[in-house]
Amino acid sequence: MSFAAPTHPQNPEGDPGADSARATARPPERAPGPDSAPHPRFTVGFDLDMTLVDSRPGIHRTYTALAEETGVPIDADLAVSRLGPPLEDELACWFPPERVPAVADQYRALYVRLAIEPSLLLPGAAEAVETVRGLGGRSVVVTAKHAPNARLHMDHLGLRADVLVGSLWAERKAEALREHTAGVYVGDHVGDVRGARAAGAVSVAVATGPCPADELREAGADVVLTDLTAFPDWLAGHLAGV
């Protein structure tokens, strides 16, 4: 199927603070990169899904297969329209709470087989990461996704980030951003804006995910770009003014 730009999702539980609270149940997952020491000049953080990678095709395939295996109807179209919060939040819309941990493991196993190959780089993604490297900085990907599966995406698509940290959502992303001294965090969701602000980093939002530009601005993004093709010029100007 084809994927049009999604509309902004509602919180599956109807509680604006519930997504952040539920995310605290999983500890951050760290996947080693080629260099784990903070760069003395600057570090840029990036979200993964719908910021660097259009993972909707693979996620749709995985939810469809999960529904077939479990016999539980899942609206895969709806699920891929509201990417951002942790997997467990979405599964809680379709399964009773006691089943969510086991079903999450089942989903992640299917993901390895079904979701990596069909997912694509978003416009400007590779250039954005390489621009950071070319200007002498470091890049850290901080995502709510299971870190081993995030690493599979990055390796498959040739994204060369210095550090990858998984299983962090919204304000908890600030833990990794502060640890790696990221002065900028780039993401597509209002949860990414909240993470950047909690870390004291410049929030650069891209309107390539479920949240429209106006909502990203209202959430407190310092900069809103249409997509990452505009990021290299923005970063060069930002660094010139630092």
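If you read the sequence from its start, that first residue is 1, and numbering goes on from there.
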query: Can you tell if the side chain of Val112 reaches within under 4.5 Å of the side chain of Leu152, non-hydrogen atoms only?
result: yes

NZ/NE/NH1/NH2 to OD/OE distance under 4.0 Å, Arg178 and Glu171: no

message: Within this structure, what is the CG-CG distance for the pair Leu159 and Leu48, rounded to the nearest 0.5 Å?
response: 7.5 Å

message: Filter on side-chain hydrogen bond (donor to acceptor under 3.5 Å, both in side chains), then keep only pairs touching residues 111-121, sequence neighbours left out; what's left?
response: Tyr111-Lys145, Tyr111-His153

task: Specify whether Trp169 and His189 have parallel, tilted or perpendicular ring planes, treating 30° as the upper limit for parallel and 60° as the lower limit for perpendicular.
output: perpendicular

Separation of Arg197 CZ from Asp222 CG (nearest 0.5 Å): 6.5 Å

task: Could you go through the ring-ring contact (aromatic ring centres under 6.0 Å, His included) check for Phe46 and Phe231 one step at a time?
output: CA-CA 12 Å; Phe46 292 93; Phe231 181 75; 5.6 Å; yes

- prompt: Distance only, no hydrogens: is a donor on one side chain within 3.5 Å (strictly under) of an acceptor on the other, for Asp188 and Thr51?
  reply: yes

message: Less than 4.5 Å apart, side chain to side chain, heavy atoms only: is that true for Trp94 and Thr70?
response: no

- prompt: Can you list the steps and then say if Leu66 with Leu91 is a side chain to side chain contact (heavy atoms under 4.5 Å, CB included)?
  reply: CA-CA 10 Å; Leu66 184 67; Leu91 293 178; 3.9 Å; yes

message: Is the shortest side-chain heavy-atom distance between Val140 and Glu179 below 4.5 Å?
response: no

- request: Indicate yes or no: at least one non-hydrogen side-chain atom of Leu228 is less than 4.5 angstrom from one of Val186.
  value: yes

message: Within this structure, what is the OG-NE2 distance for the pair Ser55 and His60, rounded to the nearest 0.5 Å?
response: 12.5 Å

query: Taking all non-hydrogen atoms of both residues, which atom of Pro210 and which atom of Arg82 are closest, and how far apart?
result: CB-CA, 4.4 Å

- line: Separation between CG (Leu168) and CG (Asp47), nearest 0.5 Å, reads 11.0 Å

query: Is there a side-chain contact between Leu164 and Thr143 (heavy atoms, below 4.5 Å)?
result: yes

task: First locate atom OG1 of Thr62, then atom CG of Leu110, and finally report the distance between them rounded to the nearest 0.5 Å.
output: 6.5 Å

message: Let's go through Met50 and Arg56 carefully: what are the C-alpha distance in whole Å and the side-chain angles of both, what is the deciding distance for side chain to side chain contact (heavy atoms under 4.5 Å, CB included) to 0.1 Å, and is it a yes or a no?
response: CA-CA 8 Å; Met50 301 312 299; Arg56 291 174 297 175; 3.5 Å; yes

task: To the nearest 0.5 angstrom, please state how far the CG atom of Asp192 sits from the SG atom of Cys211.
output: 8.0 Å

task: Kindly indicate whether the side chain of Asp54, heavy atoms from C-beta on, has any atom under 4.5 Å from the side chain of Leu122.
output: yes

